[in-house]
Amino acid sequence: MAKLQTAFYQQKDVTAIARQLLGKILVTAIDGVRTAGIIVETEAYAGINDKASHAWNNRRTKRTATMYMPGGVAYVYLCYGIHYLFNVVTSVENTPHAVLIRALEPVDGIGMMKMRYNNKAGAQLTAGPGNLSKALGINSGMNGESLTGNKIWIEQAAQINDNLVSVSTRVGVQYAGEDAYLPYRFCIKNNNWVSKGKGL
DNA sequence: CGCAGGATGGGCT
DNA sequence: GCCCATCCTGCGG
């Protein structure tokens with residue numbers, strides 16, 4: 001299966017990338033073990049003009065520096081002190097756009113995912129951004145990692161038809177004011193792995 | 001069922 | 001100090 005290359009990640013329209021990522025395969029290879037899942041839910045964060053983005057108003061910190069890198073690297077950060085959230089950095093250098101991967105449908109290495117998860121999970125294994133990071137072994141060490149290398153990457157797959165995609169508002173961004181209402185969340189309809197609420 | 005609460009750490013006012 | 005782009009558990013009805 002072909003890896004997505006830099007040109008894909010550097011497209012200017014971050015919502016178009018978020019939309020196109022649905023149905024593609026997110027893969028990690030750690031200690032020779034492949035774990036992979038179909039991307040079923042994404043959210044776009046549109047850089048300095050998006051109040052929900054860490055990089056809103058051109059904010060630069062040690063943490064957000066990764067978002068300013070050229071498209072095609074991983075942006076991983078710790079949320080609520082517990083969960084690592086995995087984002088794909090998009091667009092060109094100094095344009096801090098990103099796509100948050102919110103849910104996967106497991107495909108390869110499910111046994112390994114369950115081991116990493118280390119509880120009675122089955123249904124929740126990769127539904128929700130904190131869960132999927134844990135299942136795929138994604139942590140802060142992956143921050144800034146290239147998505148065209150051999151640790152973590154995304155594989156090409158058939159485009160999901162528009163009538164199977166549902167568009168809605170993003171989760172957990174009430175603080176962003178009117179930007180909280182932007183239609184920047186993309187899910188595959190009727191997929192059991194979409195986080196909370198299932199299906200649509 | 002549903003919902004409140006806790007875990008836990010970095011970055012900002 | 002306090003706010004979070006979260007998730008699981010345990011409690012009450």
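Residue numbers begin at 1 in each chain, while the letters A, B, ... track the order of the sequences.
- Residue contacts for G130(A): at a heavy-atom cut-off of 4.0 Å it reaches the sugar-phosphate backbone alone, with no base atom in range.
- The partner of dC7(C), taking Watson-Crick or G-U wobble pairs whose two distances both stay under 3.5 Å, is dG6(B).
- Nucleic acid contact class of N131(A) (heavy atoms, under 4.0 Å, all strands): sugar-phosphate only.
- Atom-to-atom, CG of L85(A) to P of dC4(C) comes out at 15 Å; the value is rounded to the nearest Å.
- As rounded to whole Å, 11 Å separates atom P of dT6(C) from atom CD of E41(A).
- Whole-Å rounding puts the Y77(A) OH to dT8(B) P distance at 19 Å.
- Taking a cutoff of 4.0 Å between a charged side-chain nitrogen and a carboxylate oxygen, D13(A) and R19(A) do not qualify as a salt bridge.
- Rounded to whole Å, the separation between the P atoms of dT8(B) and dG10(C) comes to 15 Å.
- dC4(C) atom C1' lies 11 Å from atom CZ of R59(A), rounded to whole Å.
- Salt-bridge check for R170(A) with E43(A): failed, with every basic side-chain N at 4.0 Å or more from each acidic carboxylate O.
- Rounded to whole Å, the separation between the P atoms of dG5(B) and dG13(C) comes to 14 Å.
- As rounded to whole Å, 16 Å separates atom C1' of dG11(B) from atom CG of N57(A).
- The residue L78(A) sits close only to the backbone: its heavy atoms come under 4.0 Å of sugar-phosphate atoms, none of a base.
- Taking only side-chain atoms of Q124(A), from C-beta outward, the nucleotide of dT6(C), dG11(B), dC8(C) with the closest atom is dC8(C).
- For Y80(A), the side-chain atoms get nearest to dT6(C) when compared with the rest of dG11(B), dT6(C), dC8(C).
- If you check the side chains of T66(A) and N143(A), you find a donor sitting under 3.5 Å from an acceptor.
- The 12-atom threshold is exceeded at NZ of K3(A), counting heavy atoms of other residues, nucleotides or ligands nearer than 6.0 Å.
- Rounded to a whole Å, the NZ atom of K134(A) is 11 Å from the P atom of dT8(B).
- Taking the side chain of P129(A) as heavy atoms from C-beta on, and the options dC7(C), dC8(C), dG11(B), the nearest nucleotide is dC7(C).
- To the nearest angstrom, P of dC4(C) lies 12 Å from CZ of R63(A).
- Note: NE2 (H83(A)) to P (dC8(C)) measures 7 Å, nearest angstrom.
- Here R34(A) pairs with E155(A) in a salt bridge; the nearest charged N to carboxylate O distance falls below 4.0 Å.
- In the set dC8(C), dT6(C), dG11(B), dC8(C) carries the atom at the smallest distance from any side-chain atom of Y117(A).
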